[in-house]
Undergrad: 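Here it is, the structure in full.
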Amino acid sequence: MPETPRSEQELLARARALAGRRVIDVATQLQLSMPRSMRAGKGFVGQLIERALGATAGSLSEPDFQHLGVEMKSIPVAADGRPLESTYVCVAPLAEPAGRFEHSAVARKLARVLWVPVQGERGIDPAERRLGSAVLWSPDEHEMATLRADWEELMERIALGRVEETTARHGVALQLRPKAADSHARRSGIGRDGAPTETLPRGFYLRASFTAAVLRRCFLAV
DNA sequence: AGCTGATCATAT
DNA sequence: ATATGATCAGCT
């Protein structure tokens, strides 16, 4: 297990040293065996890269590299570099939705992100998928405004007890989607009358259309 | 073909 | 139990 990087530059250098390598080679080096399938190992590649880079936050509600304030996200991409999936950000607070965007978990996690592209096409054997060149990103003014507007809209709906009628169709960049073991999971929330109720746990996700624009901008600058 | 709602594994 | 890491599968 590598030590945690001491600077952003060191983190980026380490991440870029992974570029071009296959998932199975990184796994072998860390003495990890491959899951039977991506269905059975959904988080495997992300956790593999966290280990390879020396992330520290575990399952805490903190950026992966706490001392650097950097969140690492592996992102499955097609041959043309476009993301194939949305990106999970964090759980949505359904019971105590007060607060300002600047202090939200969404804003803290997205303040600085290390994107690590990974070949994600379903036709490629998971073991054979290659890592791409990582990029560091912070939201620009426009991206930040979009994220804030989405967050405020979604949080307002939660606060007003309208989470049940809020779907993944809401939000330009950020969406609210189920985040649970299954559809029977329940979490405290706010009901239509403003009274406490039980509802399906949800998380904030970035739409693939948004991360596509982010990656385009990052790779243009490189 | 893209997207939404559902789901799988692991850490603490 | 609830956070993290995500991808799957079926519908539009």
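Quick note on labels: first sequence line is chain A, next is B, and so on, each numbered from 1. Being a predicted model, the structure only gives us computed values, none of them experimental.
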Undergrad: Report yes or no: is there a donor-acceptor pair, N or O only, under 3.5 Å between the side chain of A:Tyr88 and the base of C:dA3?
TA: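 Checked by distance alone, the answer is no.
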Undergrad: Counting side-chain heavy atoms from CB outward, which of B:dA11, C:dC8, C:dT4 is closest to A:Arg122?
TA: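 From the listed options, C:dC8 comes nearest.
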Undergrad: Can a side chain N or O of A:Gln47 be found less than 4.0 Å away from OP1 or OP2 on C:dT4?
TA: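 For C:dT4, neither OP1 nor OP2 has a side-chain N or O of A:Gln47 closer than 4.0 Å.
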Undergrad: Starting from the 5' end of DNA chain C, give me the residue, A:Arg39 or A:Ile75, whose nearest nucleotide shows up first.
TA: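 The residue whose closest nucleotide sits nearer the 5' end is A:Ile75.
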Undergrad: What I want to check is whether the side chains of A:Arg169 and A:Gln175 have a donor and an acceptor closer together than 3.5 Å.
TA: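 Short answer, no.
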Undergrad: Contact class for A:Ala180 vs. all strands (heavy atom < 4.0 Å): base, sugar-phosphate, or nothing?
TA: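 Here A:Ala180 touches the bases of the nucleic acid.
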Undergrad: Tell me what A:Pro76 touches on the nucleic acid: a base, only sugar-phosphate, or nothing, going by heavy atoms under 4.0 Å.
TA: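 A:Pro76: backbone/sugar contact only, no base atoms under 4.0 Å.
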Undergrad: Apply the test salt bridge (charged side-chain N to carboxylate O under 4.0 Å, His left out) to residues A:Glu85 and A:Arg122: give CA-CA distance (whole Å), side-chain angles for both, the deciding distance (0.1 Å), then the verdict.
TA: CA-CA 12 Å; A:Glu85 294 288 350; A:Arg122 297 185 192 182; 3.6 Å; yes
Undergrad: What I want to check is whether the side chains of A:Thr87 and A:Arg207 have a donor and an acceptor closer together than 3.5 Å.
TA: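 Their side chains do not contain a donor-acceptor pair, so the 3.5 Å distance test is not met.
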Undergrad: Could you tell me whether the phosphate oxygens of C:dA3, OP1 or OP2, come under 4.0 Å of any side-chain nitrogen or oxygen in A:Arg187?
TA: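 Yes.
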Undergrad: Taking 4.0 Å as the cut-off, does a side-chain nitrogen or oxygen of A:Ser74 come that near to OP1 or OP2 on C:dA6?
TA: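 Yes, because at least one side-chain N or O of A:Ser74 sits under 4.0 Å from OP1 or OP2 of C:dA6.
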Undergrad: Indicate whether OP1 or OP2 belonging to C:dG5 is found under 4.0 Å from a side-chain N or O atom of A:Lys73.
TA: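 Checking C:dG5 against A:Lys73, a side-chain N or O does come within under 4.0 Å of OP1 or OP2.
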Undergrad: Does the cation-pi check pass for A:Arg148 over A:Phe101, that is, NZ or CZ under 6.0 Å from the six-membered ring centre and within 45° of its axis?
TA: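 No; the conditions do not both hold, so A:Arg148 does not lie above the ring face of A:Phe101.
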Undergrad: Could you check A:Lys109 against A:Thr87 and say which one's nearest nucleotide on DNA chain C is further toward the 5' end?
TA: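 By nearest-heavy-atom nucleotide position, the 5'-most residue is A:Lys109.
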Undergrad: Hey, does A:Glu62 reach any base, or is it just sugar-phosphate, or nothing, if we go heavy atoms under 4.0 Å?
TA: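 Touches nothing.
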Undergrad: Would one find a side-chain N or O of A:Lys179 under 4.0 angstrom from OP1 or OP2 of B:dG5?
TA: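 Indeed not, no polar side-chain atom of A:Lys179 lies that close.
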Undergrad: So which atom in A:Gly46 and which in A:Ser74 form the shortest heavy-atom distance, rounded to 0.1 Å?
TA: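 Distance-wise, the nearest heavy atoms are CA-OG, 3.6 Å.
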Undergrad: Is the shortest side-chain N/O distance from A:Arg169 to OP1 or OP2 of B:dG5 below 4.0 Å?
TA: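 For B:dG5, OP1 or OP2 has a side-chain N or O of A:Arg169 closer than 4.0 Å.
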Undergrad: Hey, does A:Ala40 reach any base, or is it just sugar-phosphate, or nothing, if we go heavy atoms under 4.0 Å?
TA: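 The answer is sugar-phosphate, as A:Ala40 gets under 4.0 Å only of primed atoms, P, OP1 or OP2.
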Undergrad: Please determine whether a side-chain nitrogen or oxygen atom of A:Arg207 lies at a distance below 4.0 Å from atom OP1 or OP2 of B:dC3.
TA: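 So the side chain of A:Arg207 is outside the cut-off, no N or O lying under 4.0 Å from OP1 or OP2 of B:dC3.
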